[in-house]
Amino acid sequence: VSGARTDAVALTCAAAEAHARENDQAATFPVEALATMRRTRLLGLMVPADYGGGGGTLSELVDATIELGRADLSVALIFAMHCQQVAALARCASDRLRAHALPAVADGTIYLASVTTEPGKGGDLLISDSATEQVRAALRIDREAPIVTGGRHADAFLVTVRTPGATSPAQVDLVYAARDQLRLEVLGDWRPLGMRATESVPMRLAGTVPEWQVVGEHGEFRKIATTVFGPVAHIGWAAAWLGTAAGAYSRVVRHIRGPAGRSRFNPASQLLLTRLAATRARLEMVNALLRHTVSVVSSGEDVATPPVQLLINTLKTEAADSCFRAVDELVELTGLQGGYLAGSPLRLERAFRDLRSASLNYGNDRLRLANGSLALMDSGLRFA
Ligand SMILES: Cc1cc2nc3c(=O)[nH]c(=O)nc-3n(C[C@H](O)[C@H](O)[C@H](O)COP(=O)(O)OP(=O)(O)OC[C@H]3O[C@@H](n4cnc5c(N)ncnc54)[C@H](O)[C@@H]3O)c2cc1C
């Protein structure tokens, strides 16, 4: 099984690398990499084996995502976000919804997109301004989404909406909606600095879905976010960012050691060596934090406690900052020709633009605000 998985990851990396430049330039979705993930059943990695999936662990998700990140950050993020949705279904959905959706994810038929951001509330995950209406045993949804990764290509969506009849915006449902249950309208274009191949378009989603497609109980999104959605998102994103920064770093080291680099760089230069060491140290720390977070989250410990939530949020904020800084340092180290120009074979320019999104992809400021409050609740400073 693990050999097949390694092949699936390698084939997806090859498809991603072959088209990364054109998808970046045109800001178009990596359809070739998605087709490979479907064909090789990599999309089913996090589906439990009982439903025909790969039964992947968080460590396996991290390993696969790091490899994809070395090839292309957009592809790695698309994969990690899909796996986050799958983990939420596998852990929190009813038997009926699991039996309905998971076998189709396992066989590569369903790529799942995420709809949590809303126009008014920005990135505040735990509230929703999108009212729903209960129509007998169904929910009527009509929701704007300013940024939906792969929205044009997804086969189904997990959408946050306000619980029908809610008295507060904090009563939020997570709803599974298949593409053919929705009227989808793309409301604008996608012209970002980086992450261009995620094709994260603004959309309107409207339709009626049966009530059994609510994930878990009504109003349970906060619990899902705390126990599954948040942890798996932060772990998956950190792996994607680390993969891209590690890929950039190894291209630079190979270049310095190769024939072209030897004429430009002096491997005995103390400036070069201390810079390489400092950047490597950043990546070592992200890797250590990532692996530690995976082991804590996988251990069965209650993830809702302040020390564990602090750890999960810290992984996101520090991985976002450190991976971007690492590539910034590599640009400085390799200079204008090697680091800054878009045509350079070191491909730092795209990694730099892509990684600039990391602190914004669920705002670091929001998480640090949350962590400040959590820190006040943990006066003994107990490390998870
Ligand atoms: C490549 C990419 C793909 C994405 N894909 C999706 C997707 O598929 N689906 C989806 O739903 N979303 C997606 N997002 C959205 C993402 O996860 C964030 O939720 C969103 O980018 C936040 O938007 P914002 O920065 O405009 O808003 P905000 O989170 O509101 O933040 C804006 C800025 O305001 C400040 N700020 C605002 N409020 C506070 C506060 N209370 N405390 C502290 N600071 C505050 C911060 O400085 C923050 O950086 C994606 C984002 C990226 C970058």
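All ligand and atom numbering here is 1-based and tracks the order in the structure. Quick note: numbers below take in every heavy atom, side chains included, and nothing from hydrogens, waters or symmetry partners.
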TODO: Please indicate whether any nitrogen or oxygen in T117 is less than 3.5 Å from any nitrogen or oxygen in ligand 1.
DONE: yes
Open item on the list: Polar contacts were defined as any N/O atom of the residue lying under 3.5 Å from an N/O atom of the ligand; does this apply to R366 and ligand 1?
Closed with: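 There is such a contact, yes.
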TODO: Could you tell me how the ring of F324 sits relative to the ring of F352: parallel (under 30°), tilted (30 to 60°) or perpendicular (over 60°)?
DONE: tilted
- [ ] Give me the ring orientation class for Y362 and H234: parallel if the planes are under 30° apart, tilted from 30 to 60°, perpendicular past 60°.
- [x] tilted
Among [options], which residue places a heavy atom closest to [atom]?
atom                    : options          : answer
atom 10 (C) of ligand 1 : D124, I147, L369 : I147
atom 16 (C) of ligand 1 : T198, T116, N361 : N361
atom 3 (C) of ligand 1  : T160, D354, T149 : T149

Open item on the list: According to side-chain hydrogen bond (donor to acceptor under 3.5 Å, both in side chains), who are the partners of E332, at least two apart in sequence or on a separate chain?
Closed with: none
Taking only heavy atoms of [X], which atoms of ligand 1 are found under 4.0 Å from at least one of them?
X    : result
V148 : 8 (O)
M195 : 1 (C)
D365 : 43 (C), 44 (N), 46 (C), 47 (O)

Identify each donor-acceptor pair in which a side-chain atom of residues 286-294 lies under 3.5 Å from a protein atom, sequence neighbours left out, and give them as a table.
{"from": "N287", "atom 1": "OD1", "to": "R291", "atom 2": "NE", "distance (Å)": "3.3"}
{"from": "R291", "atom 1": "NH1", "to": "D63", "atom 2": "OD1", "distance (Å)": "3.0"}
{"from": "R291", "atom 1": "NH2", "to": "D63", "atom 2": "OD1", "distance (Å)": "3.2"}
{"from": "H292", "atom 1": "NE2", "to": "A384", "atom 2": "O", "distance (Å)": "2.9"}
{"from": "T293", "atom 1": "OG1", "to": "L289", "atom 2": "O", "distance (Å)": "2.6"}

- [ ] Mark the output for A145 as yes if a heavy-atom distance to ligand 1 is under 4.0 Å, and as no if none is.
- [x]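 No.
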Task: Whether M81 lies under 4.0 Å from ligand 1, heavy atom - done: yes
Open item on the list: For a quick check under 3.5 Å, do S128 and E118 share a side-chain donor-acceptor pair by atom type?
Closed with: yes
Open item on the list: We want to know whether Y51 and R98 form a side-chain donor-acceptor pair, criterion being a heavy-atom distance below 3.5 angstrom.
Closed with: yes
- [ ] Count the heavy atoms of every other residue, nucleotide or ligand shown that sit under 6.0 Å from CZ of R368, and state whether that count exceeds 12.
- [x]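 Atom CZ in R368 is crowded, with more than 12 foreign heavy atoms closer than 6.0 Å.
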